[in-house]
Amino acid sequence: MAVGILLVGGFGTRLKPLTNESPKPMLPVAGLPVTEHQILAAKKAGIHTLVLATSYLADVFTPYFGDGSKWGIKILYAVEKEPLGTGGAIRNAAELLGRDEPIVIFNGDVLSRHSIAAQIDFHIAKKADVTLHLIEVEDARAFGCVPTDDSGRVTAFLEKMENPVSRSINAGCYVFSPSVLDEIPLGAVVSIERETFPTLVQSARAVFGYKEQAYWLDVGTPAALFKGSRDLVAGDFVLMPGAVVAPTARITGGSAIGADTVVEAGAVIIDCIIGNNVRVGEGAQLSHCFVAHGTHVPAAAIKESIYLSATAELPISL
Ligand code: GTP
């Protein structure tokens with residue numbers, strides 16, 4: 001068994017304007033918030049308690065996830081008044097957890113189908129201080145890379161570079177032995193990637209890489225968020241409970257239609273993410289659009305690559 005921390009407090013700057021009114025982890029992917037997909041995966045791996053480390057737009061999480069009983073998992077909340085960075089957030093959230101089980105940390109913007117349970121087992125078998133999920137990419141130039149030796153031990157944390165020495169990158173899911181978390185200073189701004197990990201490796205601590213090539217996507221940009229949603233829809237469209245679509249409307253391109261949304265006659269929706277309680281008016285044509293929860297799209301509106309909310313209409317680059 002294990003406990004976990006979900007990092008959900010970042011500003012999500014690269015996802016603007018989608019994150020103007022919603023934190024990135026609450027953006028819907030195939031009808032459910034990114035965080036909800038992660039909670040389902042954590043539960044499947046035997047994690048029984050999760051702390052959501054929130055900061056930006058922190059109030060949005062509690063009404064949705066409550067105490068977690070709907071998902072059969074205990075959910076707690078650690079709110080940072082000012083963002084503490086990834087390392088500071090983890091240390092702050094760990095105050096709510098015991099110290100007798102491994103602590104699994106999730107970046108709140110990753111969709112991954114790797115086996116979290118196998119990663120925890122690997123961590124225990126290696127008697128590691130920290131075990132990172134590593135994923136191989138074709139071109140690691142856009143990422144920092146994480147080389148390992150034959151035993152799987154991490155030998156360096158390298159920043160982005162023109163000729164990466166390894167194709168393995170940090171996939172954003174870490175297992176920590178609890179005592180190691182306590183070495184991060186409490187209440188300070190710390191980056192786990194730029195400070196904690198390089199320091200642990202330099203001081204020859206047992207930092208291991210768990211390599212599993214499963215489906216993996218960082219949904220940190222609008223194009224990636226749309227891809228993640230299409231991948232999970234895996235067909236023309238998905239309708240969430242209570243959604244009503246007129247028989248003459250056409251929905252395609254891996255679109256997701258949120259709960260209790262109404263799509264009126266003759267509307268055309270191609271490769272869109274449509275939130276909950278939206279009304280898409282008669283004959284409206286939307287392609288590659290993100291429509292926030294509760295928005296009314298007027299009849300006959302024609303929009304392409306647009307973010308629409310009740311108060312804003314802004315272009316998005318996909
Ligand atoms: P960008 O601004 O677009 O880079 O996005 P981001 O703010 O989400 O940053 P990044 O993608 O580097 O963050 C990785 C994960 O850590 C995301 O799930 C963030 O929500 C989370 N995160 C980043 N900074 C903080 C922080 O200061 N506090 C908390 N609680 N979470 C954070």
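Note that ligands are numbered from 1 as they come in the structure, with each ligand's atoms numbered from 1 the same way. Below, all heavy atoms of this structure are taken into account, side chains as well, without hydrogens, waters or symmetry copies.
- Ordered by chain and residue number, the residues placing a heavy atom less than 4.0 Å from ligand 1 are Leu7, Val8, Gly9, Gly10, Phe11, Gly12, Thr13, Arg14, Lys24, Ala53, Glu80, Pro83, Leu84, Gly85, Thr86, Ala89, Asn107, Gly108, Asp109.
- Ile75 and Ile39 make their closest contact through CD1-CD1, 3.7 Å (heavy atoms, listed as atom of the first residue, atom of the second, distance).
- Contact check on Arg230 versus Asp271 returns a salt bridge, with a Lys/Arg side-chain nitrogen under 4.0 Å from an Asp/Glu carboxylate oxygen.
- With sequence neighbours excluded, the residues forming a salt bridge (charged side-chain N to carboxylate O under 4.0 Å, His left out) with Asp139 are Arg141, listed by chain and number.
- A salt bridge does not link Lys70 to Glu36: none of the charged side-chain nitrogens sits closer than 4.0 Å to a carboxylate oxygen.
- Residues satisfying the ring pair (Phe, Tyr, Trp, His ring centres under 6.0 Å) criterion with Phe226, sequence neighbours excluded, are absent altogether.
- The side-chain hydrogen bond (donor to acceptor under 3.5 Å, both in side chains) analysis of residues 43-61, with sequence neighbours excluded, yields the pairs His48-Glu101.
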